[in-house]
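This report concerns only the one structure given below.
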Amino acid sequence: MSEGYKLEIVNPESAFFSSESVTETVIPAYEGEIGILKDHIPMISFLKPGIIKVTSQSGGKNFYAEDGIIEFKDNLLSILTSSIFDLENYDKSLINENLKNAEKELGNQNLNDQSRYLLSQKVDVLKSIS
């Protein structure tokens with residue numbers, strides 16, 4: 001019997017990441033960070049900007065995602081996102097550029113509360129990884 005579950009991360013360009021032996025995934029959701037282990041109850045949630053932490057039998061991986069939807073059902077975790085990158089192989093200048101743009105947008109007085117919240121989350125996470 002397998003100790004883990006299957007994880008699939010998909011972005012518009014491709015199947016970004018896939019593993020059959022994930023033991024835990026920590027997701028940055030609107031409800032807070034959600035830890036998902038094998039046999040977790042079925043769920044659907046939305047991602048906020050943050051770090052997805054994946055632990056598998058072969059080690060750990062961390063990804064930065066800006067948005068998306070997650071679904072966990074029958075020991076399959078699916079993450080659909082429009083913007084994701086591997087923190088192991090990221091371009092620091094790209095992070096700094098995204099941070100600068102997010103801080104500039106955050107200064108816009110016409111932002112609604114939801115946009116302001118998401119931008120502030122993005123700024124905080126990008127600062128932590130730059």
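Excluded from the calculations below are hydrogen atoms, water molecules and symmetry mates; all remaining heavy atoms, backbone and side chain alike, are included.
- The only option from I34, V54, I70 that meets the side chain to side chain contact (heavy atoms under 4.5 Å, CB included) definition with T25 turns out to be V54.
- In this structure, CG in L126 is found 11.0 Å from CD in Q121, a value given to the nearest 0.5 Å.
- Side-chain heavy atoms closer than 4.5 Å link hydrophobic residues (I, L, V, M, F, W, Y) into clusters, and following such links, possibly through other members, connects L111 to V123.
- Residues I69 and Y117 share a single hydrophobic cluster, defined by chaining ILVMFWY side chains whose heavy atoms lie under 4.5 Å apart.
- To the nearest 0.5 Å, the span separating CD1 on I51 from CG on L87 amounts to 5.5 Å.
- At distances below 3.5 Å, not a single donor-acceptor pair connects side-chain atoms of S19 with backbone N or O atoms of L7.
- L106 is listed as a side-chain neighbour of R116, based on a closest heavy-atom distance under 4.5 Å.
- Annotation: the span from L77 atom CG to K38 atom NZ amounts to 14.5 Å, rounded to 0.5 Å.
- More than 12 heavy-atom neighbours from other residues, nucleotides or ligands sit within 6.0 angstrom of OH on Y30.
- Screening residues 98-114 for side chain to side chain donor-acceptor pair (under 3.5 Å), with sequence neighbours left out, gives N112-S115.
- Judged as a side chain to side chain donor-acceptor pair (under 3.5 Å), the pairs with a partner in residues 79-92 (not counting sequence neighbours) are, in order, K61-D86, D67-T81, D67-S82, D91-S93.
- M43 and Y5 fall within the same hydrophobic cluster, defined by Ile, Leu, Val, Met, Phe, Trp and Tyr side-chain heavy atoms under 4.5 Å apart, directly or through other members.
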- Message: Show, in sequence, the C-alpha distance, side-chain angles and deciding distance for S18 and K6, and conclude whether the side chain to side chain contact (heavy atoms under 4.5 Å, CB included) test is met.
- Response: CA-CA 7 Å; S18 182; K6 184 173 183 177; 4.1 Å; yes
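- Contact between K122 and A102 at its shortest, heavy atoms only, is CD-CB, 4.1 Å.
- Between the NZ atom in K48 and the OG atom in S120 there is a gap of 9.0 Å [rounded to 0.5 Å].
- Atom CD of E66 is separated from atom CG of L119 by 9.0 Å, given to the nearest 0.5 angstrom.
- Taking all atoms of both residues into account, the shortest heavy-atom contact from G4 to Q57 is N-NE2, 4.1 Å.
- Proximity of S78 to V10: side-chain heavy atoms (C-beta onward) are nowhere separated by under 4.5 Å.
- Aromatic ring pairs are classed by plane angle as parallel below 30°, tilted from 30° to 60° and perpendicular above 60°; the pair F85 and Y64 is tilted.
- At a threshold of 4.5 Å between side-chain heavy atoms, the hydrophobic network of Ile, Leu, Val, Met, Phe, Trp and Tyr places V26 and I79 in two separate groups.
- Considering every non-hydrogen atom in both G35 and E24, the closest pair reads CA-OE2, 4.4 Å.
- Annotation for L37 and F72: closest pair O-CZ, 4.0 Å, computed over non-hydrogen atoms.
- Of all non-hydrogen atoms in L47 and A65, the two that sit nearest each other are CD1-CB, 4.3 Å.
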- Task: Determine, stepwise, if the pair I129 / N62 fulfils side chain to side chain contact (heavy atoms under 4.5 Å, CB included).
- Result: CA-CA 11 Å; I129 61 177; N62 293 323; over 6 Å; no
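- One finds the CZ atom of F63 at 11.0 Å from the CD1 atom of I27 (value rounded to the nearest 0.5 Å).
- Under the 4.5 Å side-chain heavy-atom criterion for ILVMFWY residues, a single connected hydrophobic cluster contains both F16 and I36.
- Classification of K73 and E71 as a salt-bridged pair fails, no side-chain N sitting under 4.0 Å from a carboxylate O.
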